[in-house]
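Please read the structure below before turning to the comments.
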Number of protein chains: 2
Amino acid sequence: MEYYLNIIKQNNLKLTLRRIAVIKLLLNEHRLFTVAEVRHRLKNDFSRVGLPTVYRILQQFREIGLVQTALSANDHLRYFICTSRKHDHHHFICSQCDRVYCLDYCQQNQIEKYIETELHARADYHYLQIVGLCEHCRLPKAQDSD
Amino acid sequence: MEYYLNIIKQNNLKLTLRRIAVIKLLLNEHRLFTVAEVRHRLKNDFSRVGLPTVYRILQQFREIGLVQTALSANDHLRYFICTSRKHDHHHFICSQCDRVYCLDYCQQNQIEKYIETELHARADYHYLQIVGLCEHCRLPKAQDSD
DNA sequence: CTCTAAACAGAAAAGATTTTCATTAACGGG
DNA sequence: CCCGTTAATGAAAATCTTTTCTGTTTAGAG
Ligand SMILES: [Mn+2]
Ligand SMILES: [Mn+2]
Ligand SMILES: [Zn+2]
Ligand SMILES: [Zn+2]
């Protein structure tokens, strides 16, 4: 938590109550959120939360690398916070519960070579998103049936 | 060209002049297009092209797998057509000229094993986008200097 | 704690995307 | 071809997202 608040300060953004609430929400639940969902949750804590504020906060956080985005199946943008400190890694997203899992998996070197050989081009970075069913959603639970 | 028009028919969509024009445009230039760019180009051929029509055509094409989408650096959705018939492959996108190159590169098997081992989860599919400078844009051309 | 400068927040407006609906175009069977 | 069926189209409206602008909050100095 401290870590994330410091990033906000380091980027000359102020530690406002709304920003802190957004960080808390995304950290508590490691999953994808739409702008509307974030706003809906903030309404529990604040009497007023303007929609432009929520859009702005999420966009600013993305610009400073504090949160990341992923497209849902219907091409709608959603936000999540990455809890790993490693630079090069990617994410697994559960298509059922929208949870996000950081992965220690990155093939940048191999990709650079491939692109150089095949296209005579330079691979600067890549974006990898893996979608599937997480451990929780994969099998119906015996104890916790609905 | 025939190939793409057949896909349209096979999905119970009609071969309208606007749809054909969109396919032609995306095939002629292998690059990312925004909705506004596509519309601007169509205006050369048609006296009227409603913006909802362009949005609809591109979305429908995406739904039937005829075109694909990619996010630009500022998270704006853009469309391109994939000219390879192979099922599992990904794309290299030039950050300077927006050209798209199909790649014969896919690590689905390796990824499935990794996700099973690390997360006890099931990887159904993944999305990989590689960004860099293509052969044309990598080096300033000697002959064609500006 | 008080004060000031800088940045933030929400309301309203602008801009972008999607939906609705009446008209027009595509397609298949005479 | 001509017609009937079905789907596509654009205008207008609705919805979603971003910008503008002014009052409010934060942060840091004193
Ligand atoms: Mn991560
Ligand atoms: Mn391709
Ligand atoms: Zn899950
Ligand atoms: Zn290029």
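So you know, we letter chains A, B, ... as the sequences are listed, proteins then strands, and number each from 1.
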Passing option when H90(B) is tested against Q68(B), H126(B), Q129(B) for side chain to side chain donor-acceptor pair (under 3.5 Å): H126(B)

Against the six-membered ring of F33(A), is R41(A) placed for a cation-pi contact (under 6.0 Å from the centre, within 45° of the normal)? no

Write down the protein N/O and nucleotide N/O pairs, taken from nucleotides 12-14 of chain D, whose separation is under 3.5 Å; answer none if there are no such pairs.
none

Determine, using the 4.5 Å side-chain heavy-atom cutoff (strictly less than), whether V100(A) and L133(A) are members of one ILVMFWY cluster. no

Residues from residues 33-40 of chain B sitting under 4.0 Å of DNA chain D, heavy atoms only? none

For H76(B) and V54(B), find the nucleotide of DNA chain D closest to each by heavy atoms; which residue's nucleotide sits nearer the 5' end? V54(B)

Can you see if the side chain of Q59(B) gets near the phosphate of dT18(C) - specifically, an N or O under 4.0 Å from OP1 or OP2? yes

Expected output is a numbered-order residue list: members of residues 42-51 of chain B with a heavy atom under 4.0 Å from any atom of DNA chain C. What is it? none

Please produce a list of atom pairs where a protein N or O lies less than 3.5 Å from an N or O of nucleotides 21-24 of chain C.
none

Short side-chain donor-acceptor distance under 3.5 Å, E112(B) and Q108(B): yes

Check the interface with nucleotides 27-30 of chain D: list each N/O to N/O pair with the protein under 3.5 Å, or write none.
from    : atom 1 : to     : atom 2 : distance (Å)
dA27(D) : OP1    : L15(A) : N      : 2.9

With a cut-off of less than 4.0 Å, is there a side-chain N or O of R18(A) near OP1 or OP2 of dA9(C)? no

Report the residues that fulfil side chain to side chain contact (heavy atoms under 4.5 Å, CB included) with N74(A), sequence neighbours left out, ordered by chain and then residue number. S72(A), H76(A)

